[in-house]
2 protein chains.
Amino acid sequence: PATLGRLGCLQLSQSCDLSLPCCADEGSLSSTKCPQISGVRVQLEMQALWQQFDQLGTEMIVTKAGRRMFPTFQVRISGMDPSAEYVLLMDFIPVDSKRYRYAFHSSSWLVAGRADVAAPSRMHFHPDSPARGAQWMKQTVSFDSLKLTNNLLDDNGHMILNSMHRYQPRFHVVYVDPAPNSHLNAYKNFCSFSFPETRFMAVTAYQNHRITQLKIASNPFAKVSHFLCTSPNLINISVPR
Amino acid sequence: PATLGRLGCLQLSQSCDLSLPCCADEGSLSSTKCPQISGVRVQLEMQALWQQFDQLGTEMIVTKAGRRMFPTFQVRISGMDPSAEYVLLMDFIPVDSKRYRYAFHSSSWLVAGRADVAAPSRMHFHPDSPARGAQWMKQTVSFDSLKLTNNLLDDNGHMILNSMHRYQPRFHVVYVDPAPNSHLNAYKNFCSFSFPETRFMAVTAYQNHRITQLKIASNPFAKVSHFLCTSPNLINISVPR
DNA sequence: TGATTTCCACCTAGGTGATAATAT
DNA sequence: ATATTATCACCTAGGTGGAAATCA
């Protein structure tokens, strides 16, 4: 990420209001947005896989050193101004103010009290930022370099999350306005997208065995994946294309 | 590489005139260049290693599938306009019109006739192109994705070279002029750099054993490198930092 | 015979979940 | 008890030169 001074001051809400339907396109109020933003459309990649995880209750490992997400957050973008410059970012907002624990006997998540003090809120800039709309729309945009950590003092630019808390990934498209004083209407120059099926519980170790099995079956980096895919006693785990 | 239509038509010489000293900065005739180009300075990284290879007579493997260069061509750039947009590219020009063969008994290269028909001349765009000067100057620019092939019908965008021919890598900095009709003075909008110590012989298998040994000693991907670095009978091979 | 191709063992580099040890 | 940490074997992915086979 180069100097991003021209982005202005983005005002993003830091909580997910569940009383409103969490629609995939929060930027649909096109009349309030600049033309470089108003037409932007975003499609989640690997949606079937995300949904399969979501049905079981997605868990994402957080470690001190930082751990990648699986599935990886990937989107396909359309409707950008091909010659305009954009910055793409992600953040994670708490789904609620609760701390959870997993009840193995009932295989379900229970509320274990109020949320811990919020972890330092960070933005993850896609490393190709800034780039032109044509570049972003050319192919799938992948956040595979994004890593999750539970280290409050993390110095590697990873996303800091509280273990045993639920999070909603959020994706932002910011138009880099070359005009002077563009900060005066910065609110017109970005839009945000949330995909409910990408919500997850941050954990330091997997709790739900079925999540573990689906990770192994679908992540090529997880060990003995080839065997498990054809193992008869796990035949019920099917991995969507 | 995005659409590069604005680059105009570059006229680059396709031969290396050895009657002139092959200086590192061919773009020093600053009066004929635009301000975004005239100040550009380029420094070869790993120069000591390049020189060590050059003294032995550098060889680079070419394969049908494409092989990376070692050492990798890397440069540090200064003097760009931080906010101007540039494209960085490389090409390879024949050092002479000769075909060579290696005489093992004398451990030297002999002329084996006139050059074969020239391989299709290609440009390799640095994959980060186009980008602003600030981005390019921030850190070393590495062409580690560049691959060499001897396959005349290569379909992977690799650089096509004739085996047993000598080549001079060349590096180009192109200013992406946003002005209309910028093609009219495209010759002002780029500069080129050649580093004599990066010349090499394209081969399908190493000929000079000392080159093989230096590759093994200095390339972390070459096998048993750790052992060879400390092996007493190869103690004469020192790898510069 | 010299040059090229194919295949391979052996690396680097780094992403996995399992496990055992440790912390709270 | 429950949660976290460190370590590890085992993967993916891909860059090496060596050796044997093949080509011209």
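Letters A, B, ... are given to chains in the order of the sequence lines, protein chains preceding strands, and every chain is numbered from 1. All values reported here derive from a predicted model rather than from experimental measurement.
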Discussion item. Could you check, using the six-membered ring where one of them is a Trp, whether B/His126 and B/Phe143 have ring centers closer than 6.0 angstrom?
Written reply: yes
Practice prompt. Ignoring backbone atoms, establish whether B/Lys64 has a side-chain N or O less than 4.0 Å from OP1 or OP2 of C/dT4.
Written response: no
Discussion item. Rounding to an integer number of Å, can you tell me how far B/Ile216 CD1 sits from D/dG17 C1'?
Written reply: 6 Å
Discussion item. Taking the basic N atoms (NZ, or NE/NH1/NH2) and the acidic carboxylate oxygens, is any pair closer than 4.0 Å for B/Arg199 and B/Asp54?
Written reply: no
Fill in: Proximal nucleotide (of C/dT4, D/dT4, D/dT16) relative to the B/Arg99 side chain
C/dT4
Worksheet item: B/Ser163 has a side chain; which of C/dT6, C/dT4, D/dG17 sits nearest to it?
Response: C/dT4
Worksheet entry | Euclidean distance, atom CD1 of residue B/Ile61 to atom P of C/dC7 [Å, nearest integer] | 18 Å
Discussion item. Measuring from the side chain of B/Ala222 (C-beta onward, heavy atoms only), which nucleotide among D/dT16, D/dA6, C/dT5 has the closest atom?
Written reply: D/dT16
Fill in: A/Asn151 CG - D/dT5 P separation (whole Å)
8 Å
Worksheet item: Within the structure shown, what part of the strands sits under 4.0 Å from A/Arg101 by heavy-atom distance: base, sugar-phosphate, or nothing?
Response: sugar-phosphate
Fill in: Protein-nucleotide distance (B/Lys147, atom NZ; D/dG14, atom P), rounded to Å
8 Å
Worksheet entry | is_close_aromatic(B/Tyr102, B/Phe104), centroid dist under 6.0 Å | yes
Practice prompt. Would you mind telling me which of D/dT16, C/dT16, C/dG17 lies closest to the side-chain atoms of A/Thr212?
Written response: C/dG17
Worksheet item: B/Thr63 near the nucleic acid: base, sugar-phosphate alone, or nothing, with a heavy-atom cut-off under 4.0 Å?
Response: nothing
Discussion item. Ring-plane angle category for B/His172 and B/Phe190, please: parallel below 30°, perpendicular beyond 60°, tilted otherwise.
Written reply: perpendicular
Worksheet item: In terms of the nearest nucleotide of DNA chain C, which residue is placed more toward the 5' end: A/Arg68 or A/Ala205?
Response: A/Arg68
Practice prompt. Would you kindly check if the NZ (Lys) or CZ (Arg) of A/Lys215 is within the cone defined by 45 degrees around the ring axis of A/Phe53 and under 6.0 Å from the six-membered ring centre?
Written response: yes
Practice prompt. Using atom OH of B/Tyr206 as one end and atom C1' of D/dG15 as the other, report the distance to the nearest whole Å.
Written response: 11 Å
Item to complete: Take atom CG of A/Asn162 and atom P of D/dT2, then tell me their distance rounded to the nearest Å.
Response: 20 Å
Item to complete: Round to a whole Å and report the spacing from CG of B/Asp144 to P of D/dG15.
Response: 10 Å
Discussion item. What is the separation between atom CG on B/Asn150 and atom P on C/dT6, rounded to the nearest whole Å?
Written reply: 10 Å
Response to the item:
Taking D/dG17, C/dG17, C/dT12 as options, the one with an atom nearest any side-chain atom of B/Phe221 is C/dT12
